[in-house]
Protein chains: 4
Amino acid sequence: MREVSISRIDRQDKYQRILRAGISVFARRGVFRATISEIAREAGVADGTIYLYFKNKDDILARFFEGRTEEIFARFRKAIDEADTARDKLFRLISSHMEAFQEDREMAVVFQAETRKIHAMACHVNDISARYRDLIAEIIEDGQAEGIIRKDLYIALVKRFILGAVDEVVNTWVLAEGKYDLVSMAEPLVDLFLRGIGSASEE
Amino acid sequence: MREVSISRIDRQDKYQRILRAGISVFARRGVFRATISEIAREAGVADGTIYLYFKNKDDILARFFEGRTEEIFARFRKAIDEADTARDKLFRLISSHMEAFQEDREMAVVFQAETRKIHAMACHVNDISARYRDLIAEIIEDGQAEGIIRKDLYIALVKRFILGAVDEVVNTWVLAEGKYDLVSMAEPLVDLFLRGIGSASEE
Amino acid sequence: MREVSISRIDRQDKYQRILRAGISVFARRGVFRATISEIAREAGVADGTIYLYFKNKDDILARFFEGRTEEIFARFRKAIDEADTARDKLFRLISSHMEAFQEDREMAVVFQAETRKIHAMACHVNDISARYRDLIAEIIEDGQAEGIIRKDLYIALVKRFILGAVDEVVNTWVLAEGKYDLVSMAEPLVDLFLRGIGSASEE
Amino acid sequence: MREVSISRIDRQDKYQRILRAGISVFARRGVFRATISEIAREAGVADGTIYLYFKNKDDILARFFEGRTEEIFARFRKAIDEADTARDKLFRLISSHMEAFQEDREMAVVFQAETRKIHAMACHVNDISARYRDLIAEIIEDGQAEGIIRKDLYIALVKRFILGAVDEVVNTWVLAEGKYDLVSMAEPLVDLFLRGIGSASEE
DNA sequence: CATGAATGAGTGTTCATTCAT
DNA sequence: AATGAATGAACACTCATTCAT
């Protein structure tokens, strides 16, 4: 019993170490330029050991996002459900997003950089974006029911509008090497989403 | 004299053919998976010839965007200058952007997909983004002077907000393999930028 | 005493299981492509366990044939000794041989076809053999027309009979490292093909 | 013209050198144990060069036999066509075969090795074969004592003659995946051994 | 200028073998 | 004795880059 437990912890530990080392190297070098040897070195295991835990190099990336996705979307869900108004929901979604990326900068770097390509990833990333857009759509609908969001919206476009803006703000933060507080961007961004940049008189 | 002239035309032609072939292959395979041989084949030149015109693989990409950047920003400039109001300037900037990408889908694919990583590219893309954001800032200022744009804006954020949204809409179009008209997204997007998604009553 | 006995049975059992699993995997994959892991899995033991019973992968093969050889040659001996005439002895030897191989097809596959597998070659070698047999068949027919070859022949068998004999003579020469003149074997071999080994009086 | 010619000769030369080096290394180490590096070294080219001429390692083998097969079968054809009687045809076919193999021993080694089992099993198979041949020899002697077997036999050859034929028949059965009864081949085979394929009148 | 054959460093992946438990 | 996780050497194959012609 004891041994099994230790063994499992060992396995888990090694799995996690490889995962972490992988993301770290991916962040530093890019997925393509990263080598198994470097990941192994950073994880403190032999090259071959990686293949006991992962199918191949891409699998490290895929599994990482697989794991994180659930965790992060659970946070998003919770954040949204704790809010009363659609405005607050939107704010909390975006805040959570920024928090999560700020907490794990290596993940953020890899996500922002690799997300638009990599065939192995493609499906996962698309899933992630799609799920994110679903949350936005849900909030929009709530807001429309509440009457705080316009009803004459092309939802498909609005989803991209919001996702794109948030994504770009995160990306800028990543490229700036995280030297300022990302989460503080959430509030002014939500304001822009709701009120736009036009002055009230504009109509 | 005559021969020099022809020779220059030849050079130019070969240079352009390699550039075009490069982007075509980059769009198809991704920058990393693209090989010099495939680009050479598609350009109708020998592998070694590429090194007479370009430093290396990444250089093809860099030079391509270097060239297109000037051309495209000239279009942007012209589009903006032809407009009277800030709103129209913004609309024309975004329309031109979408038109340019719609006209050259291969460029769009490469730009959207490869832009965020590639350390070699990074600087160029950053330049492009920075110049784009400068245009936005300029329009914002004009709009504020005109009184149609709010004065209580965090400009740095607004620039990302607009660039990010446009970029995401373009990206969606690229991933959808260009099956719909991208430019028609410009008008509703500008409306979102100016009025936001909030209902008038929200204040 | 009791435990030792059980332990011995256990050992024997495990040893046999590995042996059997080895041959099974060798038959399926070929000796080179077979992996220790697959043999271990099929034997229901751990990879490392195999090394408690065998020196290495090749040793499994060697020990298997070591064991079977004694057993099969005992059968051959018995078969021969039970026969009265040389003709019957020969018949019984060959019958026993065929029976033994027919009974244990995996062994037969490993023994006969081990290397025939190599994918690149497989088809070519088979083609070559087939073409060679065609030539033989053609000659047989000519000979039958000429009246110098018996008409009561099972041609498919005769083709193998001749090809096999020639092939074995060549093979022996190869293994002997070519230390004698191979071509001088042709004439006596043809004589054997035509007249057989039986004395004229035999009928 | 001159240059093209030289270039072609160069190409041909390098192709042939790699082919030859390949067969040489295959003969020495066996196809599986042969490495591209060793072949390249022996051919005096870089590893990568091999891939300019061949698809992969196996392709070297395949192309070699592709080339030789036509050449050798042309010889066979010629040998047969030059003969008047079926006996002579058979003799010349077999002689040509042996000549061809004797002329190119490396080819013979590779062909026999890939076709039969020289490498992995070598020593054991040799032992087994030797013991089998001993049994045959014993039977031959008995038969000679009985007077049913000719006394003018080159025993060493007869042993190969019988073993080879039986082996080939078994082998055919194995490759046919055992879909017919092997043992029923024993009787007609013994008949061939004793009487040969010649008609009685032939003497 | 142009070529394209040649190079060889570099990488992902496999697997026989070991050894701490 | 048995395990099976860990190891790391080995190898086929790719491809950017060079350079003799």
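Note that these values count all heavy atoms, side chains included, but never hydrogens, waters or copies made by symmetry. Naming: A, B, ... by sequence-line order, numbering from 1 per chain.
A straight line from CZ of Arg29(A) to P of dT11(E) spans 10 Å, rounded to a whole angstrom. For the pair Leu61(D) CG and dA12(F) C1', the computed distance is 16 Å after rounding to whole Å. Residue Arg33(B) contributes atom CZ, which lies 14 Å from atom C1' of dT11(E) at whole-angstrom precision. To the nearest angstrom, C1' of dA1(F) lies 17 Å from OH of Tyr15(C). Rounded to whole Å, the distance from CG on Asp59(D) to C1' on dA12(F) is 14 Å. Taking atom NZ of Lys57(A) as the reference point, atom C1' of dT13(E) lies 12 Å away to the nearest angstrom. In this entry the distance linking CZ of Phe32(A) with P of dG10(E) reads 19 Å, nearest Å.
Side-chain atoms of Lys57(A) come within 3.5 Å of backbone atoms of Val31(A) as a donor-acceptor pair (strictly under, hydrogens ignored).
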Worksheet item: Can you give the dot-bracket line for DNA chain E, using ( ) for pairs inside the strand, [ ] for pairs that cross earlier ones, | for pairs with another strand and . for unpaired bases, where Watson-Crick and G-U count if both distances are under 3.5 Å?
Response: .||||||||||||||||||||
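For dA2(F), one of the phosphate oxygens OP1 or OP2 lies less than 4.0 angstrom from a side-chain nitrogen or oxygen of Lys14(C).
Side-chain atoms of Lys14(D) and Leu52(D), non-hydrogen and from C-beta on, never get closer than 4.5 Å to each other. No side-chain heavy atom of Thr69(B) sits less than 4.5 Å from a side-chain heavy atom of Asp127(B). Taking 4.5 Å as the limit, every side-chain heavy atom of Tyr53(C) sits out of range of all side-chain heavy atoms of Arg63(C). In this structure, Tyr51(A) and Ile36(A) have side chains that are in contact, with non-hydrogen atoms separated by less than 4.5 Å. By the 4.5 Å heavy-atom criterion applied to side chains, Ile128(C) and Phe111(D) are counted as neighbours.
Listed nucleotides dC11(F), dC15(F), dT13(E) differ in distance to Thr35(D); the shortest reach to its side chain belongs to dC11(F).
Using a 4.0 Å cutoff on non-hydrogen atoms, the parts of residues 36-55 of chain C near DNA chain E are Ile36(C), Gly48(C), Tyr51(C), ordered by number.
In this structure, Phe32(B) and Phe32(A) have parallel ring planes: the angle between them is below the 30° cut-off, well short of the 60° mark.
The pair Arg20(A)-Asp13(A) does not count as a salt bridge, with every side-chain nitrogen at least 4.0 angstrom from each carboxylate oxygen. The existence of a salt bridge linking Arg41(B) and Glu38(B) is excluded, since no basic side-chain nitrogen approaches an acidic carboxylate oxygen closer than 4.0 Å.
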